[in-house]
Colleague: 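Structure provided below as structure tokens; questions to follow.
Atoms considered below: every heavy atom in the structure, side chains included; atoms not considered: hydrogens, waters and symmetry mates. Model, not experiment: these values are computed from the prediction.
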Amino acid sequence: MTQGRRRLVLVAGGAGFIGSHLCRALLASGADVVCLDNLQTGTRANLRAFEREPRFSFVEGDVVSTLPAVLRSASFKPALVMNLACPASPPHYQADPVRTMMTSVVGTDALLRLSERAGARFVQASTSEVYGDPAIHPQTESYWGNVNPIGPRACYDEGKRAAETLAFDYERAGRVDVRVARIFNTYGPNMQVDDGRVVSNVICQALSGADITLYGDGRQTRSFCYVSDLVDGLLRLGSHDGPAPGPVNLGNPNELSVADLVDKVVGLTGSASRIVRKPLPVDDPQRRRPDIARAEAVLGWSPKVSLEVGLKDTIAYFTRELSRPRVTNGAERESGRSVAV
């Protein structure tokens, strides 16, 4: 699990919301980190705090296309490959649904092949969306889900299900040591202002004084996990050396209605925004809550950060972000520094 005297880790999608926190935590653990990202939804700004760290390298590339030559080199032998490469919010993954599906299928296969060649462990960042609009509650890993395979969310939901299939087929064939995390709603700093997920939407609307959008009657529920807790779970899963545990739910089991989330954000921000109701999006799940018994038993993991503490940190982050001029990813490509591996 080492290259030289240190562990080398490849994080695909490492400039994104969760990926950037994961890169930072891996560096703090002493690992050498290579971040691969096409900057479709990730940003160089998410990497600024550590991009000049000598043990960190950024490679701009796309998992759907041929992987960059430096990653295909026989000398590139990561001990761990962590795949977070895919748009994760509905507006982003629905903007180019075919590419979203290809990222989950073609991209995951490319990274599994890299892992096989390098003898690396492979961690797939899957999602609670594999459960669809669940018919059981809370959701356990043994539940097969209730997904519309031809709806507007299917490019992501079915793409992630297919990625899990690929990963476990490689594992059954003895080709790659695989870990799969099913990630539930996660929030925190480094989300984009236009991310489109409920926490970022509500906070940014409240801070800007815009109308707060509440879809449906607001009674649909979610379980919100702060990003530092989620990253801790991913690190534990990636370093788990026992028998392969199968898919592992990572999320906060404290369930909250979206209407209650809005009330909390309005209270914490002191916002005078109006609440405007709109119809629920197609196939929007009514209830989400992870059963984390497997994560507790196998990884010794459970979330620690309370919703109020996490929301305060996230509100402070978005307060800063909304006061700054927006920088496009194109401008970041021109000004950013890429480091050769």
Colleague: Do you know the tightest heavy-atom contact between A25 and V231?
Modeller: CB-CG1, 3.7 Å
Colleague: Side chains of H137 and Q139: donor-acceptor distance under 3.5 Å anywhere?
Modeller: yes
Colleague: Flag the pair R44 and E51 as a salt bridge only when some basic side-chain nitrogen lies within less than 4.0 angstrom of an acidic carboxylate oxygen.
Modeller: yes
Colleague: Taking the side chain as every heavy atom from C-beta outward, state whether T43 and D37 have any pair of such atoms under 4.5 Å apart.
Modeller: no
Colleague: For R320, does its backbone N or O pair with a side-chain atom of S323 as donor and acceptor, under 3.5 Å?
Modeller: yes
Colleague: Quick one: do the N252 and S223 side chains pair a donor with an acceptor below 3.5 Å?
Modeller: no
Colleague: Could you give me the CA-CA distance, side-chain angles and deciding distance for T108 and N83, then say whether side-chain hydrogen bond (donor to acceptor under 3.5 Å, both in side chains) is met?
Modeller: CA-CA 7 Å; T108 298; N83 182 23; 3.2 Å; yes
Colleague: Report yes if some heavy atom in the side chain of I183 is under 4.5 Å from a heavy atom in the side chain of S126; otherwise report no.
Modeller: no
Colleague: Determine whether P303 and Y226 make a side-chain contact, defined as any pair of heavy atoms from C-beta on separated by less than 4.5 Å.
Modeller: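 P303 vs Y226: side chains apart.
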Colleague: Set out, in order, the CA-CA distance, both residues' side-chain angles and the distance that settles side chain to side chain contact (heavy atoms under 4.5 Å, CB included) for D195 and F17, then state yes or no.
Modeller: CA-CA 10 Å; D195 181 83; F17 159 47; 5.6 Å; no
Colleague: Contact between V63 and T103 at the side-chain level, heavy atoms closer than 4.5 Å - yes or no?
Modeller: yes
Colleague: So among L230, D232, D229, which one has a side-chain contact (heavy atoms from CB on, under 4.5 Å) with L250?
Modeller: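 Looking at L230, D232, D229, the match for L250 under the side-chain contact (heavy atoms from CB on, under 4.5 Å) is L230.
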Colleague: Do F168 and T165 come within less than 4.5 Å of each other through their side chains, counting heavy atoms only?
Modeller: no
Colleague: Which pairs count as salt bridge (charged side-chain N to carboxylate O under 4.0 Å, His left out) when at least one residue sits in residues 10-30, sequence neighbours excluded?
Modeller: none
Colleague: Can you run down the side chain to side chain donor-acceptor pair (under 3.5 Å) pairs that involve residues 291-302, sequence neighbours left out, and say none if there aren't any?
Modeller: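 Qualifying pairs, neighbours excluded: S302-K304.
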Colleague: Using the rule given for side chain to side chain contact (heavy atoms under 4.5 Å, CB included), can you reason through F318 versus V193, listing the C-alpha separation, both sets of side-chain angles and the distance that settles it, and then say yes or no?
Modeller: CA-CA 7 Å; F318 278 119; V193 170; 4.2 Å; yes
Colleague: Is S273 reaching over with its side chain to a backbone N or O of A210, donor-acceptor style, under 3.5 angstrom?
Modeller: yes
Colleague: What closest approach, in Å, do I292 and N249 show between heavy atoms, and which atom pair accounts for it?
Modeller: CG2-O, 4.2 Å
Colleague: So, R99 versus Y93: side-chain donor-acceptor pair below 3.5 Å or not?
Modeller: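 Per modelled atom types, R99 and Y93 side chains form no pair under 3.5 Å.
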Colleague: What is the minimum heavy-atom distance between L80 and A120, and which atoms define it?
Modeller: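 Heavy atoms only, the tightest pair is N-CB, 4.0 Å.
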Colleague: Assess the residue pair V265 and V199 against the criterion (side chain to side chain contact (heavy atoms under 4.5 Å, CB included)); give the C-alpha distance rounded to whole Å, side-chain angles, the decisive distance to 0.1 Å, and a yes or no.
Modeller: CA-CA 9 Å; V265 171; V199 172; over 6 Å; no
Colleague: For R179 and G242, work out which heavy atoms get closest and say how close.
Modeller: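 So the two residues come closest at NH2-O, 3.6 Å.
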Colleague: May I have all residue pairs that pass side chain to side chain donor-acceptor pair (under 3.5 Å) and include part of residues 206-218, sequence neighbours excluded?
Modeller: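 Non-adjacent pairs meeting side chain to side chain donor-acceptor pair (under 3.5 Å): Q205-T213, D211-R274, D217-R219.
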Colleague: Begin from the C-alpha positions of R175 and E171 and carry the test salt bridge (Lys or Arg N to Asp or Glu O under 4.0 Å) through to its verdict.
Modeller: CA-CA 6 Å; R175 297 171 63 180; E171 180 184 70; over 6 Å; no
Colleague: On a heavy-atom basis, which atom in P247 and which in E164 lie closest, and how many Å separate them?
Modeller: CB-OE1, 4.4 Å
Colleague: From L22 CG over to M82 CE, what is the distance, rounded to the nearest 0.5 angstrom?
Modeller: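 Here the interatomic distance stands at 4.5 Å.
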Colleague: Would you say the side chains of Y170 and D109 form a donor-acceptor pair under 3.5 Å?
Modeller: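 Short answer, yes.
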Colleague: State plainly whether one hydrophobic cluster holds both V130 and Y156, where clusters connect Ile, Leu, Val, Met, Phe, Trp and Tyr through side-chain heavy atoms under 4.5 angstrom apart.
Modeller: no
Colleague: For a side-chain hydrogen bond (donor to acceptor under 3.5 Å, both in side chains) with E255, tell me which candidate from R289, R222, R287 qualifies.
Modeller: R287
Colleague: Apply the salt bridge (Lys or Arg N to Asp or Glu O under 4.0 Å) test between E129 and each candidate in R182, R153, R161, K160; give the one that qualifies.
Modeller: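 The salt bridge (Lys or Arg N to Asp or Glu O under 4.0 Å) with E129 is passed solely by R153 among R182, R153, R161, K160.
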Colleague: How long is the span from the CD atom in Q192 to the OG atom in S200, to the nearest 0.5 Å?
Modeller: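 Output value for this atom pair is 9.0 Å.
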Colleague: Counting distance only, does the side-chain N/O of E53 pair as donor-acceptor with the main-chain N or O of R55 below 3.5 Å?
Modeller: yes
Colleague: Is there a side-chain contact between C35 and S57 (heavy atoms, below 4.5 Å)?
Modeller: no
Colleague: Checking the side chain of H21 only, and the main-chain atoms of P189 only, is there a donor and an acceptor separated by less than 3.5 Å?
Modeller: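 Present.
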Colleague: Between L114 and V64, is there shared hydrophobic-cluster membership here, with clusters defined by ILVMFWY side-chain heavy atoms closer than 4.5 Å?
Modeller: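 Linked, L114 and V64 end up in one cluster.
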Colleague: Identify whether L166 and L10 are in the same connected component of the hydrophobic contact network (ILVMFWY, side-chain heavy atoms under 4.5 Å).
Modeller: yes
Colleague: Once you round to the nearest 0.5 Å, how far does CG of D177 lie from NE2 of H240?
Modeller: 9.5 Å
Colleague: Does any donor atom in the side chain of D283 or N148 lie under 3.5 Å from an acceptor atom in the other side chain?
Modeller: yes
Colleague: If hydrophobic clusters are built by linking Ile, Leu, Val, Met, Phe, Trp and Tyr wherever their side-chain heavy atoms come under 4.5 Å apart, do V180 and F184 end up in the same one?
Modeller: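 Cluster IDs for V180 and F184 differ.
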Colleague: Any side-chain to backbone donor/acceptor pair from Y187 onto R197? Under 3.5 Å, distance only.
Modeller: no
Colleague: Which is it for L235 and S29 under the side chain to side chain contact (heavy atoms under 4.5 Å, CB included) test, yes or no, and what are the steps along the way?
Modeller: CA-CA 10 Å; L235 293 175; S29 76; 5.9 Å; no
Colleague: Which distance, rounded to the nearest 0.5 Å, do you find between the CG of N190 and the OG1 of T314?
Modeller: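 Rounded to the nearest 0.5 Å, the CG-OG1 separation comes out at 10.0 Å.
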Colleague: Could you tell me whether the side chain of L299 reaches within less than 4.5 Å of the side chain of V248, counting heavy atoms only?
Modeller: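 Answer yes - side chains close enough.
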Colleague: Do E308 and K264 have side-chain heavy atoms sitting under 4.5 Å apart?
Modeller: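 Heavy-atom side-chain distance check fails, nothing below 4.5 Å.
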Colleague: Hey, could you give me the CD1/CG distance between I18 and L84, rounded to the nearest 0.5 Å?
Modeller: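 Output value for this atom pair is 6.5 Å.
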Colleague: Return the CG to CG distance between D260 and L256, rounded to the nearest 0.5 Å.
Modeller: 5.0 Å
Colleague: Looking at every heavy atom in both P253 and P290, which two are closest together, and how far apart are they?
Modeller: CB-O, 3.7 Å
Colleague: Would you say F224 and Y131 are hydrophobically clustered, going by side-chain heavy atoms of ILVMFWY under 4.5 Å?
Modeller: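 Different clusters: F224 never reaches Y131 through Ile, Leu, Val, Met, Phe, Trp or Tyr contacts under 4.5 Å.
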